[in-house]
**Student:** 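The structure follows.
Sequence positions, counted from 1, serve as the residue numbers for this chain. Remember, it's 1-based here, ligands and their atoms both numbered in the order they're listed. A quick note: this is a predicted structure, and the numbers were derived from the prediction, not measured.
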Amino acid sequence: MISTVSVTPFSDQKPGTSGLRKAVGVFQQPHYAETFIQSVFDVLADKAGAVLVIGGDGRFLNREVIGKAVRMAAANGFARVLIGRGGILSTPAASHVIRLNGALGGLILSASHNPGGPDGDFGIKYNIANGGPAPESVTGAIHARSLVLDRYLTLEGGADIDLETLGETRVGDMVVEIIDPVAAYADLMETLFDFDAIRAHRARGFTLSFDAMSAVTGPYAHEILERRLGFTPGSVVNGVPLEDFGGHHPDPNIVHARELYDRMMGPDAPDFGAASDGDGDRNLVIGRGRFVAPSDALAILAANAHLAPGYARGLAGVARSMPTSAAVDRVAAALDIPLHETPTGWKFFGNLLDAGQVTLCGEESAGAGSDHVREKDGLWAVLLWLNILAVRGVSVDELIQEHWRRFGRNYYVRHDYEGVSSEGADALMAALRGRLAELPGQRHGDLVIASADDFAYVDPVDGSVSEGQGLRILFEGGSRVVYRLSGTGTSGATLRVYIERYEPADGVLDADPAEALSALVEAGKAIAGIERFTGRTMPDVAT
Ligand code: G1P
Ligand code: ZN
(Lines give C-alpha, C1' and ligand atoms only; values in the text may rest on other atoms or scores of the structure.)
(Ligands and ions follow the chains in the order given, each with its own letter.)
Protein backbone atom coordinates (compact mmCIF):
# COMPACT_ATOMS: atom_id res chain seq x y z
CA MET A 1 0.00 0.00 0.00
CA ILE A 2 1.34 3.41 -1.00
CA SER A 3 1.51 5.84 1.86
CA THR A 4 2.07 9.58 1.73
CA VAL A 5 4.29 10.89 4.52
CA SER A 6 4.18 14.61 5.32
CA VAL A 7 7.49 16.45 5.69
CA THR A 8 8.63 20.02 6.18
CA PRO A 9 10.29 21.50 3.09
CA PHE A 10 14.03 22.05 3.49
CA SER A 11 17.34 21.42 1.73
CA ASP A 12 20.85 20.61 2.87
CA GLN A 13 22.20 20.26 -0.64
CA LYS A 14 25.26 22.38 -1.36
CA PRO A 15 24.57 24.46 -4.46
CA GLY A 16 26.48 23.23 -7.49
CA THR A 17 27.19 19.75 -6.09
CA SER A 18 25.74 16.65 -7.65
CA GLY A 19 24.26 15.15 -4.52
CA LEU A 20 23.90 15.31 -0.79
CA ARG A 21 26.79 14.44 1.49
CA LYS A 22 26.57 14.68 5.28
CA ALA A 23 27.61 13.04 8.52
CA VAL A 24 25.86 9.72 9.18
CA GLY A 25 24.06 11.23 12.18
CA VAL A 26 22.46 13.82 9.93
CA PHE A 27 21.26 11.10 7.55
CA GLN A 28 19.79 9.18 10.47
CA GLN A 29 17.27 11.92 11.19
CA PRO A 30 13.72 10.81 10.40
CA HIS A 31 12.69 11.43 6.77
CA TYR A 32 16.10 12.96 5.90
CA ALA A 33 17.20 10.57 3.15
CA GLU A 34 13.60 10.21 1.99
CA THR A 35 13.22 13.96 1.46
CA PHE A 36 16.22 14.07 -0.85
CA ILE A 37 15.20 10.92 -2.73
CA GLN A 38 11.67 12.20 -3.26
CA SER A 39 13.02 15.53 -4.52
CA VAL A 40 15.02 13.56 -7.09
CA PHE A 41 12.04 11.43 -8.09
CA ASP A 42 9.78 14.48 -8.40
CA VAL A 43 11.99 16.12 -11.03
CA LEU A 44 12.12 12.95 -13.15
CA ALA A 45 9.34 13.31 -15.70
CA ASP A 46 9.68 9.83 -17.21
CA LYS A 47 9.89 7.61 -14.15
CA ALA A 48 6.64 5.72 -14.69
CA GLY A 49 7.68 2.37 -16.12
CA ALA A 50 11.38 3.25 -16.03
CA VAL A 51 14.43 1.36 -14.77
CA LEU A 52 16.43 2.73 -11.84
CA VAL A 53 19.86 1.53 -10.70
CA ILE A 54 20.71 1.57 -6.99
CA GLY A 55 24.05 0.77 -5.44
CA GLY A 56 26.64 2.04 -3.07
CA ASP A 57 30.12 1.60 -1.68
CA GLY A 58 28.97 -0.56 1.23
CA ARG A 59 29.49 2.02 3.92
CA PHE A 60 27.43 2.20 7.11
CA LEU A 61 23.73 3.02 6.30
CA ASN A 62 24.09 1.67 2.75
CA ARG A 63 21.64 -1.19 3.22
CA GLU A 64 19.18 0.83 5.26
CA VAL A 65 18.97 3.63 2.69
CA ILE A 66 18.72 1.12 -0.17
CA GLY A 67 15.67 -0.36 1.58
CA LYS A 68 14.08 3.07 1.80
CA ALA A 69 14.93 3.93 -1.81
CA VAL A 70 13.45 0.68 -3.12
CA ARG A 71 10.12 1.16 -1.35
CA MET A 72 9.99 4.76 -2.53
CA ALA A 73 10.86 3.79 -6.12
CA ALA A 74 7.96 1.31 -6.09
CA ALA A 75 5.59 3.93 -4.72
CA ASN A 76 6.76 6.41 -7.34
CA GLY A 77 5.97 4.16 -10.28
CA PHE A 78 9.33 2.77 -11.42
CA ALA A 79 8.93 -0.54 -13.22
CA ARG A 80 12.24 -2.08 -12.20
CA VAL A 81 15.22 -1.43 -9.97
CA LEU A 82 18.63 -3.03 -10.45
CA ILE A 83 20.69 -3.41 -7.29
CA GLY A 84 24.20 -4.75 -6.90
CA ARG A 85 24.35 -7.83 -4.67
CA GLY A 86 24.94 -6.82 -1.07
CA GLY A 87 24.03 -3.28 -2.06
CA ILE A 88 27.43 -2.95 -3.71
CA LEU A 89 28.17 -1.06 -6.91
CA SER A 90 31.29 0.97 -7.42
CA THR A 91 30.56 4.39 -8.88
CA PRO A 92 32.04 3.54 -12.31
CA ALA A 93 30.26 0.16 -12.32
CA ALA A 94 26.97 1.92 -11.51
CA SER A 95 27.62 4.26 -14.41
CA HIS A 96 28.14 1.26 -16.68
CA VAL A 97 25.04 -0.58 -15.41
CA ILE A 98 22.90 2.52 -16.06
CA ARG A 99 24.17 2.76 -19.65
CA LEU A 100 24.06 -0.94 -20.37
CA ASN A 101 20.46 -1.34 -19.24
CA GLY A 102 19.03 1.87 -20.66
CA ALA A 103 18.09 2.97 -17.15
CA LEU A 104 16.56 6.38 -16.53
CA GLY A 105 19.26 6.97 -13.95
CA GLY A 106 20.71 5.73 -10.71
CA LEU A 107 21.07 6.49 -7.05
CA ILE A 108 24.67 6.08 -5.90
CA LEU A 109 25.07 5.85 -2.16
CA SER A 110 28.51 6.97 -1.15
CA ALA A 111 30.51 9.77 0.37
CA SER A 112 33.39 8.85 -1.94
CA HIS A 113 36.74 9.17 -0.17
CA ASN A 114 35.29 10.48 3.11
CA PRO A 115 35.52 8.14 6.11
CA GLY A 116 32.57 5.84 6.82
CA GLY A 117 31.06 4.10 9.83
CA PRO A 118 28.62 5.50 12.41
CA ASP A 119 30.88 8.54 12.95
CA GLY A 120 31.74 8.97 9.28
CA ASP A 121 29.90 10.41 6.33
CA PHE A 122 27.16 9.21 4.04
CA GLY A 123 25.92 10.54 0.73
CA ILE A 124 23.44 10.09 -2.09
CA LYS A 125 23.89 11.31 -5.60
CA TYR A 126 21.77 10.99 -8.67
CA ASN A 127 23.24 9.99 -12.04
CA ILE A 128 21.35 10.54 -15.26
CA ALA A 129 20.71 8.23 -18.23
CA ASN A 130 24.16 8.76 -19.76
CA GLY A 131 25.58 7.24 -16.55
CA GLY A 132 27.12 10.47 -15.34
CA PRO A 133 26.51 12.78 -12.39
CA ALA A 134 23.45 14.97 -12.82
CA PRO A 135 24.39 18.32 -14.37
CA GLU A 136 23.62 21.60 -12.67
CA SER A 137 20.28 21.98 -14.47
CA VAL A 138 19.09 18.77 -12.78
CA THR A 139 20.70 19.30 -9.37
CA GLY A 140 19.29 22.82 -9.36
CA ALA A 141 15.82 21.43 -10.03
CA ILE A 142 16.26 18.86 -7.23
CA HIS A 143 17.30 21.63 -4.86
CA ALA A 144 14.34 23.82 -5.86
CA ARG A 145 11.97 20.90 -5.43
CA SER A 146 13.24 20.09 -1.93
CA LEU A 147 12.52 23.67 -0.84
CA VAL A 148 8.79 23.12 -1.40
CA LEU A 149 8.53 19.36 -0.88
CA ASP A 150 5.86 18.58 1.71
CA ARG A 151 5.42 14.81 1.28
CA TYR A 152 7.09 11.67 0.10
CA LEU A 153 5.64 8.44 -1.22
CA THR A 154 6.62 5.03 0.06
CA LEU A 155 5.28 1.52 0.18
CA GLU A 156 4.17 0.27 3.56
CA GLY A 157 4.46 -3.27 4.83
CA GLY A 158 6.07 -6.15 3.01
CA ALA A 159 9.18 -8.08 3.81
CA ASP A 160 12.69 -6.65 3.93
CA ILE A 161 14.50 -6.86 0.62
CA ASP A 162 16.99 -9.69 0.37
CA LEU A 163 20.08 -8.07 -1.12
CA GLU A 164 22.15 -11.25 -1.17
CA THR A 165 20.30 -13.46 -3.63
CA LEU A 166 20.78 -12.87 -7.35
CA GLY A 167 17.55 -12.71 -9.35
CA GLU A 168 14.17 -11.07 -9.39
CA THR A 169 11.57 -10.41 -6.72
CA ARG A 170 8.73 -7.91 -6.49
CA VAL A 171 8.04 -4.96 -4.25
CA GLY A 172 4.49 -3.85 -4.96
CA ASP A 173 4.20 -3.74 -8.75
CA MET A 174 7.91 -3.12 -9.23
CA VAL A 175 10.50 -5.75 -10.13
CA VAL A 176 13.61 -5.76 -7.95
CA GLU A 177 16.56 -7.44 -9.62
CA ILE A 178 19.70 -8.22 -7.66
CA ILE A 179 22.61 -8.27 -10.10
CA ASP A 180 26.22 -9.36 -9.89
CA PRO A 181 27.96 -6.04 -9.18
CA VAL A 182 31.22 -7.08 -10.83
CA ALA A 183 30.56 -9.19 -13.94
CA ALA A 184 29.35 -6.58 -16.45
CA TYR A 185 32.07 -4.16 -15.40
CA ALA A 186 34.81 -6.77 -15.64
CA ASP A 187 33.53 -7.77 -19.11
CA LEU A 188 33.70 -4.13 -20.20
CA MET A 189 37.33 -3.94 -19.05
CA GLU A 190 38.15 -7.00 -21.16
CA THR A 191 36.87 -5.18 -24.24
CA LEU A 192 39.14 -2.19 -23.60
CA PHE A 193 42.42 -3.77 -22.54
CA ASP A 194 44.74 -6.45 -23.80
CA PHE A 195 44.36 -8.98 -20.99
CA ASP A 196 46.61 -11.45 -22.85
CA ALA A 197 49.45 -8.93 -22.96
CA ILE A 198 49.05 -8.20 -19.25
CA ARG A 199 48.98 -11.92 -18.44
CA ALA A 200 52.13 -12.44 -20.49
CA HIS A 201 53.83 -9.56 -18.68
CA ARG A 202 52.85 -11.14 -15.35
CA ALA A 203 54.24 -14.45 -16.52
CA ARG A 204 57.55 -12.70 -17.20
CA GLY A 205 57.66 -11.83 -13.49
CA PHE A 206 55.82 -8.50 -13.26
CA THR A 207 54.23 -8.08 -9.80
CA LEU A 208 51.68 -5.73 -8.29
CA SER A 209 49.91 -4.75 -5.11
CA PHE A 210 46.45 -3.21 -5.19
CA ASP A 211 45.09 -1.69 -1.96
CA ALA A 212 41.29 -1.61 -2.04
CA MET A 213 41.33 0.26 1.28
CA SER A 214 38.54 -1.97 2.67
CA ALA A 215 36.22 -0.16 0.30
CA VAL A 216 34.17 -1.04 -2.74
CA THR A 217 36.87 -2.03 -5.26
CA GLY A 218 37.86 -5.18 -3.36
CA PRO A 219 35.46 -7.54 -5.17
CA TYR A 220 36.27 -5.93 -8.54
CA ALA A 221 40.02 -6.16 -8.02
CA HIS A 222 39.87 -9.77 -6.79
CA GLU A 223 37.91 -10.74 -9.89
CA ILE A 224 39.84 -8.77 -12.49
CA LEU A 225 43.41 -8.73 -11.18
CA GLU A 226 43.58 -12.09 -9.43
CA ARG A 227 41.02 -14.28 -11.17
CA ARG A 228 40.97 -12.97 -14.75
CA LEU A 229 44.56 -11.70 -15.02
CA GLY A 230 46.08 -14.31 -12.76
CA PHE A 231 48.06 -12.15 -10.35
CA THR A 232 48.94 -14.10 -7.22
CA PRO A 233 46.23 -14.24 -4.56
CA GLY A 234 47.21 -11.61 -2.03
CA SER A 235 48.08 -9.11 -4.74
CA VAL A 236 44.85 -7.40 -3.69
CA VAL A 237 44.99 -6.23 -0.08
CA ASN A 238 42.15 -4.90 2.12
CA GLY A 239 39.84 -6.44 -0.45
CA VAL A 240 36.70 -6.90 1.66
CA PRO A 241 34.40 -3.84 1.76
CA LEU A 242 33.78 -2.89 5.39
CA GLU A 243 31.08 -0.55 6.68
CA ASP A 244 33.70 1.68 8.28
CA PHE A 245 36.55 0.96 5.83
CA GLY A 246 38.43 -0.57 8.75
CA GLY A 247 38.51 2.84 10.42
CA HIS A 248 40.63 4.26 7.62
CA HIS A 249 40.15 7.25 5.40
CA PRO A 250 39.56 5.63 1.98
CA ASP A 251 41.33 8.33 0.02
CA PRO A 252 44.16 7.01 -2.15
CA ASN A 253 46.89 9.56 -1.65
CA ILE A 254 50.30 9.47 -0.05
CA VAL A 255 48.84 10.49 3.29
CA HIS A 256 46.00 7.98 3.60
CA ALA A 257 47.55 5.17 1.54
CA ARG A 258 50.78 5.48 3.48
CA GLU A 259 51.30 1.75 3.95
CA LEU A 260 51.25 1.18 0.22
CA TYR A 261 53.48 4.16 -0.36
CA ASP A 262 56.06 2.98 2.17
CA ARG A 263 56.03 -0.50 0.71
CA MET A 264 56.54 0.85 -2.81
CA MET A 265 59.51 2.90 -1.65
CA GLY A 266 61.00 -0.01 0.30
CA PRO A 267 63.25 -2.93 -0.66
CA ASP A 268 60.39 -5.43 -1.12
CA ALA A 269 58.34 -3.30 -3.46
CA PRO A 270 56.46 -5.04 -6.25
CA ASP A 271 56.75 -3.50 -9.72
CA PHE A 272 53.47 -1.68 -9.49
CA GLY A 273 51.30 -0.39 -6.64
CA ALA A 274 47.85 1.13 -6.81
CA ALA A 275 44.89 2.02 -4.63
CA SER A 276 41.36 3.26 -5.06
CA ASP A 277 38.92 5.17 -2.89
CA GLY A 278 35.65 4.47 -1.03
CA ASP A 279 33.47 4.23 -4.13
CA GLY A 280 36.11 3.15 -6.63
CA ASP A 281 36.37 6.16 -8.89
CA ARG A 282 39.78 7.50 -7.80
CA ASN A 283 43.16 5.92 -8.34
CA LEU A 284 46.64 6.20 -6.97
CA VAL A 285 49.55 4.76 -8.92
CA ILE A 286 53.04 4.17 -7.55
CA GLY A 287 55.83 2.41 -9.36
CA ARG A 288 58.64 0.74 -7.49
CA GLY A 289 60.42 3.72 -5.94
CA ARG A 290 58.42 6.19 -8.00
CA PHE A 291 55.28 8.05 -6.97
CA VAL A 292 53.21 9.30 -9.91
CA ALA A 293 51.42 12.61 -9.40
CA PRO A 294 47.87 12.35 -10.77
CA SER A 295 48.37 15.24 -13.21
CA ASP A 296 51.44 13.47 -14.62
CA ALA A 297 49.51 10.21 -14.76
CA LEU A 298 46.84 11.83 -16.92
CA ALA A 299 49.49 13.10 -19.32
CA ILE A 300 51.24 9.73 -19.50
CA LEU A 301 47.98 7.87 -20.07
CA ALA A 302 47.02 10.30 -22.84
CA ALA A 303 50.41 9.88 -24.52
CA ASN A 304 50.20 6.06 -24.43
CA ALA A 305 46.49 5.18 -24.51
CA HIS A 306 46.69 4.05 -28.14
CA LEU A 307 48.63 1.00 -26.92
CA ALA A 308 45.39 -0.39 -25.45
CA PRO A 309 42.90 -1.95 -27.91
CA GLY A 310 40.02 0.25 -26.70
CA TYR A 311 41.95 3.37 -27.70
CA ALA A 312 43.93 2.09 -30.68
CA ARG A 313 42.10 4.54 -32.95
CA GLY A 314 43.63 7.42 -30.97
CA LEU A 315 41.93 10.06 -28.88
CA ALA A 316 39.29 12.50 -30.15
CA GLY A 317 40.40 15.01 -27.55
CA VAL A 318 41.32 15.25 -23.88
CA ALA A 319 39.92 17.26 -20.99
CA ARG A 320 41.23 18.21 -17.59
CA SER A 321 39.81 20.21 -14.72
CA MET A 322 41.24 23.71 -14.51
CA PRO A 323 43.36 23.11 -11.35
CA THR A 324 44.93 19.99 -12.90
CA SER A 325 48.42 20.67 -14.18
CA ALA A 326 49.01 21.53 -17.82
CA ALA A 327 51.16 18.41 -18.36
CA VAL A 328 48.42 16.85 -20.49
CA ASP A 329 48.14 20.05 -22.55
CA ARG A 330 51.59 19.38 -23.98
CA VAL A 331 50.59 15.85 -24.94
CA ALA A 332 47.43 17.12 -26.63
CA ALA A 333 49.51 19.64 -28.57
CA ALA A 334 51.95 16.92 -29.67
CA LEU A 335 49.07 14.64 -30.72
CA ASP A 336 47.37 17.61 -32.38
CA ILE A 337 44.06 16.96 -30.60
CA PRO A 338 41.81 19.43 -28.73
CA LEU A 339 42.37 20.06 -25.03
CA HIS A 340 39.44 21.22 -22.89
CA GLU A 341 39.84 22.94 -19.53
CA THR A 342 36.73 22.48 -17.38
CA PRO A 343 35.71 23.41 -13.84
CA THR A 344 36.39 20.93 -11.04
CA GLY A 345 33.95 18.01 -10.91
CA TRP A 346 33.31 15.07 -13.22
CA LYS A 347 29.92 16.34 -14.33
CA PHE A 348 31.63 18.92 -16.53
CA PHE A 349 33.14 16.15 -18.68
CA GLY A 350 29.77 14.57 -19.42
CA ASN A 351 28.71 16.72 -22.37
CA LEU A 352 32.15 16.55 -23.99
CA LEU A 353 32.18 12.75 -23.69
CA ASP A 354 28.59 12.41 -24.95
CA ALA A 355 29.40 14.63 -27.93
CA GLY A 356 32.46 12.54 -28.78
CA GLN A 357 34.72 15.58 -28.38
CA VAL A 358 36.97 13.93 -25.80
CA THR A 359 37.99 10.34 -25.18
CA LEU A 360 40.09 10.74 -22.05
CA CYS A 361 39.73 13.10 -19.11
CA GLY A 362 41.06 13.58 -15.63
CA GLU A 363 41.56 15.64 -12.52
CA GLU A 364 44.47 16.34 -10.21
CA SER A 365 42.51 14.75 -7.37
CA ALA A 366 43.44 11.23 -8.50
CA GLY A 367 40.66 10.87 -11.03
CA ALA A 368 40.99 9.66 -14.60
CA GLY A 369 38.54 8.13 -16.98
CA SER A 370 37.35 7.82 -20.54
CA ASP A 371 34.24 7.59 -22.67
CA HIS A 372 33.66 3.96 -21.56
CA VAL A 373 31.49 5.25 -18.68
CA ARG A 374 30.57 8.72 -17.43
CA GLU A 375 32.45 8.64 -14.13
CA LYS A 376 36.09 8.58 -13.29
CA ASP A 377 37.26 5.04 -12.85
CA GLY A 378 39.97 3.80 -10.50
CA LEU A 379 40.41 0.23 -11.74
CA TRP A 380 40.16 1.31 -15.35
CA ALA A 381 43.15 3.59 -14.79
CA VAL A 382 45.08 0.76 -13.16
CA LEU A 383 44.34 -1.53 -16.11
CA LEU A 384 45.35 1.11 -18.65
CA TRP A 385 48.67 1.47 -16.80
CA LEU A 386 49.14 -2.30 -16.78
CA ASN A 387 48.36 -2.51 -20.49
CA ILE A 388 50.85 0.26 -21.30
CA LEU A 389 53.59 -1.22 -19.11
CA ALA A 390 53.01 -4.66 -20.59
CA VAL A 391 53.30 -3.42 -24.15
CA ARG A 392 56.20 -1.08 -23.51
CA GLY A 393 58.10 -3.44 -21.21
CA VAL A 394 59.45 -0.55 -19.13
CA SER A 395 59.08 0.28 -15.46
CA VAL A 396 56.86 3.08 -14.16
CA ASP A 397 59.99 5.05 -13.32
CA GLU A 398 61.43 4.63 -16.81
CA LEU A 399 58.13 5.61 -18.40
CA ILE A 400 57.77 8.79 -16.36
CA GLN A 401 61.39 9.86 -16.87
CA GLU A 402 61.05 9.30 -20.58
CA HIS A 403 57.86 11.35 -20.57
CA TRP A 404 59.54 14.28 -18.81
CA ARG A 405 62.52 14.14 -21.16
CA ARG A 406 60.12 14.49 -24.04
CA PHE A 407 57.54 16.97 -22.73
CA GLY A 408 59.21 18.65 -19.75
CA ARG A 409 57.81 18.42 -16.24
CA ASN A 410 55.01 20.33 -14.55
CA TYR A 411 56.06 20.37 -10.90
CA TYR A 412 52.84 20.35 -8.95
CA VAL A 413 51.43 20.26 -5.44
CA ARG A 414 48.01 20.78 -3.93
CA HIS A 415 47.73 22.22 -0.43
CA ASP A 416 44.54 21.65 1.54
CA TYR A 417 43.62 23.76 4.54
CA GLU A 418 40.89 21.63 6.08
CA GLY A 419 38.17 22.50 8.56
CA VAL A 420 38.79 26.24 8.47
CA SER A 421 35.90 28.50 9.40
CA SER A 422 33.53 29.14 6.50
CA GLU A 423 33.58 32.86 7.31
CA GLY A 424 37.37 33.01 7.10
CA ALA A 425 37.51 31.02 3.88
CA ASP A 426 34.73 33.04 2.25
CA ALA A 427 36.38 36.29 3.32
CA LEU A 428 39.73 35.18 1.87
CA MET A 429 38.16 34.35 -1.47
CA ALA A 430 36.09 37.56 -1.53
CA ALA A 431 39.09 39.73 -0.70
CA LEU A 432 41.27 38.07 -3.33
CA ARG A 433 38.51 38.23 -5.91
CA GLY A 434 38.18 41.95 -5.20
CA ARG A 435 41.91 42.49 -5.74
CA LEU A 436 42.41 40.46 -8.93
CA ALA A 437 42.56 43.53 -11.16
CA GLU A 438 45.38 45.13 -9.18
CA LEU A 439 47.61 42.02 -9.03
CA PRO A 440 49.26 41.98 -12.48
CA GLY A 441 52.76 43.46 -12.25
CA GLN A 442 53.08 42.69 -8.52
CA ARG A 443 56.38 41.13 -7.51
CA HIS A 444 57.04 38.32 -5.00
CA GLY A 445 60.78 37.75 -4.89
CA ASP A 446 61.70 36.77 -8.42
CA LEU A 447 58.11 36.03 -9.33
CA VAL A 448 56.06 38.56 -11.24
CA ILE A 449 52.30 38.21 -11.61
CA ALA A 450 51.31 38.28 -15.27
CA SER A 451 47.54 37.96 -14.96
CA ALA A 452 44.79 37.01 -12.51
CA ASP A 453 41.20 35.94 -13.08
CA ASP A 454 38.16 34.17 -11.73
CA PHE A 455 37.69 31.05 -13.84
CA ALA A 456 34.40 30.84 -15.72
CA TYR A 457 33.46 28.06 -18.14
CA VAL A 458 31.18 28.06 -21.11
CA ASP A 459 30.17 24.51 -21.98
CA PRO A 460 30.95 24.14 -25.69
CA VAL A 461 28.12 21.65 -26.16
CA ASP A 462 25.13 23.27 -24.47
CA GLY A 463 26.41 26.81 -23.93
CA SER A 464 25.73 26.76 -20.18
CA VAL A 465 27.93 29.07 -18.12
CA SER A 466 29.55 28.21 -14.77
CA GLU A 467 31.13 31.14 -12.97
CA GLY A 468 33.29 31.50 -9.86
CA GLN A 469 35.17 28.24 -10.45
CA GLY A 470 38.52 29.24 -8.90
CA LEU A 471 40.87 32.20 -8.67
CA ARG A 472 43.89 31.88 -10.92
CA ILE A 473 47.13 33.77 -10.53
CA LEU A 474 49.43 33.35 -13.50
CA PHE A 475 53.10 34.35 -13.23
CA GLU A 476 55.48 35.38 -15.95
CA GLY A 477 57.09 32.21 -17.28
CA GLY A 478 53.90 30.17 -16.89
CA SER A 479 53.89 29.24 -13.19
CA ARG A 480 50.51 29.31 -11.53
CA VAL A 481 48.70 29.37 -8.20
CA VAL A 482 44.98 28.58 -8.06
CA TYR A 483 42.62 28.99 -5.10
CA ARG A 484 39.22 27.42 -4.65
CA LEU A 485 36.96 26.18 -1.89
CA SER A 486 36.06 22.51 -1.74
CA GLY A 487 32.50 21.57 -2.58
CA THR A 488 32.66 18.12 -1.05
CA GLY A 489 33.62 18.69 2.59
CA THR A 490 31.06 18.11 5.32
CA SER A 491 32.35 20.35 8.11
CA GLY A 492 33.56 23.93 7.89
CA ALA A 493 35.40 24.90 4.72
CA THR A 494 38.40 23.44 2.94
CA LEU A 495 40.64 25.86 1.06
CA ARG A 496 42.53 24.23 -1.78
CA VAL A 497 45.61 25.90 -3.22
CA TYR A 498 47.09 24.41 -6.38
CA ILE A 499 50.69 25.29 -7.22
CA GLU A 500 52.42 24.54 -10.49
CA ARG A 501 55.68 25.34 -12.26
CA TYR A 502 56.84 24.13 -15.64
CA GLU A 503 60.40 22.90 -16.17
CA PRO A 504 61.41 22.40 -19.81
CA ALA A 505 62.65 19.04 -21.11
CA ASP A 506 66.29 20.10 -20.91
CA GLY A 507 65.96 21.42 -17.34
CA VAL A 508 66.15 19.82 -13.87
CA LEU A 509 63.54 17.08 -14.05
CA ASP A 510 64.06 15.08 -10.89
CA ALA A 511 64.02 17.69 -8.13
CA ASP A 512 61.92 17.31 -4.98
CA PRO A 513 58.60 19.01 -5.87
CA ALA A 514 58.45 20.70 -2.46
CA GLU A 515 61.80 22.35 -3.16
CA ALA A 516 61.04 23.12 -6.76
CA LEU A 517 57.88 24.89 -5.67
CA SER A 518 58.92 26.54 -2.40
CA ALA A 519 59.09 30.12 -3.72
CA LEU A 520 55.70 29.77 -5.39
CA VAL A 521 54.20 28.28 -2.25
CA GLU A 522 55.32 31.26 -0.21
CA ALA A 523 54.07 33.70 -2.83
CA GLY A 524 50.74 31.87 -2.85
CA LYS A 525 50.40 32.21 0.93
CA ALA A 526 51.27 35.90 0.84
CA ILE A 527 49.06 36.86 -2.09
CA ALA A 528 45.91 35.43 -0.51
CA GLY A 529 46.78 36.27 3.11
CA ILE A 530 46.16 32.68 4.13
CA GLU A 531 47.42 33.11 7.67
CA ARG A 532 45.48 36.34 8.20
CA PHE A 533 42.16 34.84 7.06
CA THR A 534 42.45 31.27 8.33
CA GLY A 535 44.96 31.44 11.17
CA ARG A 536 46.94 28.67 9.44
CA THR A 537 50.57 28.84 8.44
CA MET A 538 50.76 25.33 7.00
CA PRO A 539 48.32 23.19 5.02
CA ASP A 540 46.88 20.05 6.64
CA VAL A 541 47.55 17.93 3.59
CA ALA A 542 49.93 18.33 0.68
CA THR A 543 49.29 15.98 -2.23
C1 G1P B 1 37.03 17.03 -4.89
C2 G1P B 1 38.09 17.10 -5.95
C3 G1P B 1 37.47 17.10 -7.32
C4 G1P B 1 36.57 15.86 -7.46
C5 G1P B 1 35.59 15.80 -6.31
C6 G1P B 1 34.80 14.51 -6.34
O7 G1P B 1 36.18 18.13 -4.97
O8 G1P B 1 38.88 18.26 -5.79
O9 G1P B 1 38.47 17.11 -8.28
O10 G1P B 1 35.88 15.89 -8.67
O11 G1P B 1 36.28 15.85 -5.08
O12 G1P B 1 35.62 13.39 -6.25
P13 G1P B 1 36.33 19.40 -4.02
O14 G1P B 1 36.28 18.92 -2.61
O15 G1P B 1 37.65 20.01 -4.34
O16 G1P B 1 35.18 20.29 -4.41
ZN1 ZN C 1 35.21 8.65 -5.08
**Student:** Please give me the protein atoms (N, O or S only) lying under 2.8 Å from the Zn ion (ligand 2), ordered by chain and number.
**Tutor:** S112 OG, D277 OD2, D279 OD1, D281 OD1

**Student:** Kindly list each side-chain donor-acceptor pair under 3.5 angstrom involving residues 60-69, sequence neighbours excluded, with atom names and distances?
**Tutor:**
unit_1 : atom_1 : unit_2 : atom_2 : d
N62    : ND2    : G87    : O      : 3.0
R63    : NH1    : E164   : OE2    : 2.9
R63    : NH2    : E164   : OE2    : 2.8

**Student:** Taking NZ, NE, NH1 and NH2 as the nitrogens, is one of them in D211 or R258 under 4.0 Å from a carboxylate oxygen of the other?
**Tutor:**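 Here D211 does not pair with R258 in a salt bridge, since their nearest N and O are not under 4.0 Å apart.
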
**Student:** Between W380 and H372, what is the ring plane arrangement, given parallel below 30°, perpendicular above 60°, and tilted in between?
**Tutor:** parallel

**Student:** Can you classify the ring geometry of F455 versus Y457 as parallel (below 30°), tilted (30 to 60°) or perpendicular (above 60°)?
**Tutor:**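 Correct class here is tilted.
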
**Student:** Apply side-chain hydrogen bond (donor to acceptor under 3.5 Å, both in side chains) to S90 and Y185, showing your working.
**Tutor:** CA-CA 10 Å; S90 77; Y185 176 84; 5.9 Å; no

**Student:** Suppose the criterion is side-chain hydrogen bond (donor to acceptor under 3.5 Å, both in side chains): which pairs have a residue in residues 107-116, not counting sequence neighbours?
**Tutor:** D57-S110, S112-D277, S112-D279, H113-R282, N114-D121

**Student:** Please confirm whether the ring centroid of F10 lies under 6.0 Å from the ring centroid of Y32.
**Tutor:**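 Between Y32 and F10, which both carry aromatic rings, the centre distance is below 6.0 Å.
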
**Student:** If you compare all heavy atoms of Y261 against all heavy atoms of I254, which two are closest, and at what distance to 0.1 Å?
**Tutor:**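 In terms of heavy atoms, the two residues are closest at CD1-CG2, 3.3 Å.
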
**Student:** Parallel, tilted or perpendicular: which one describes the rings of Y311 and F193, with boundaries at 30° and 60°?
**Tutor:** tilted

**Student:** Residue by residue, ordered by chain and number, which ones reach under 4.0 Å of ligand 1 with a heavy atom?
**Tutor:** R282, T344, G345, E363, E364, S365, K376, R414, R484, S486, G487, T488, R496

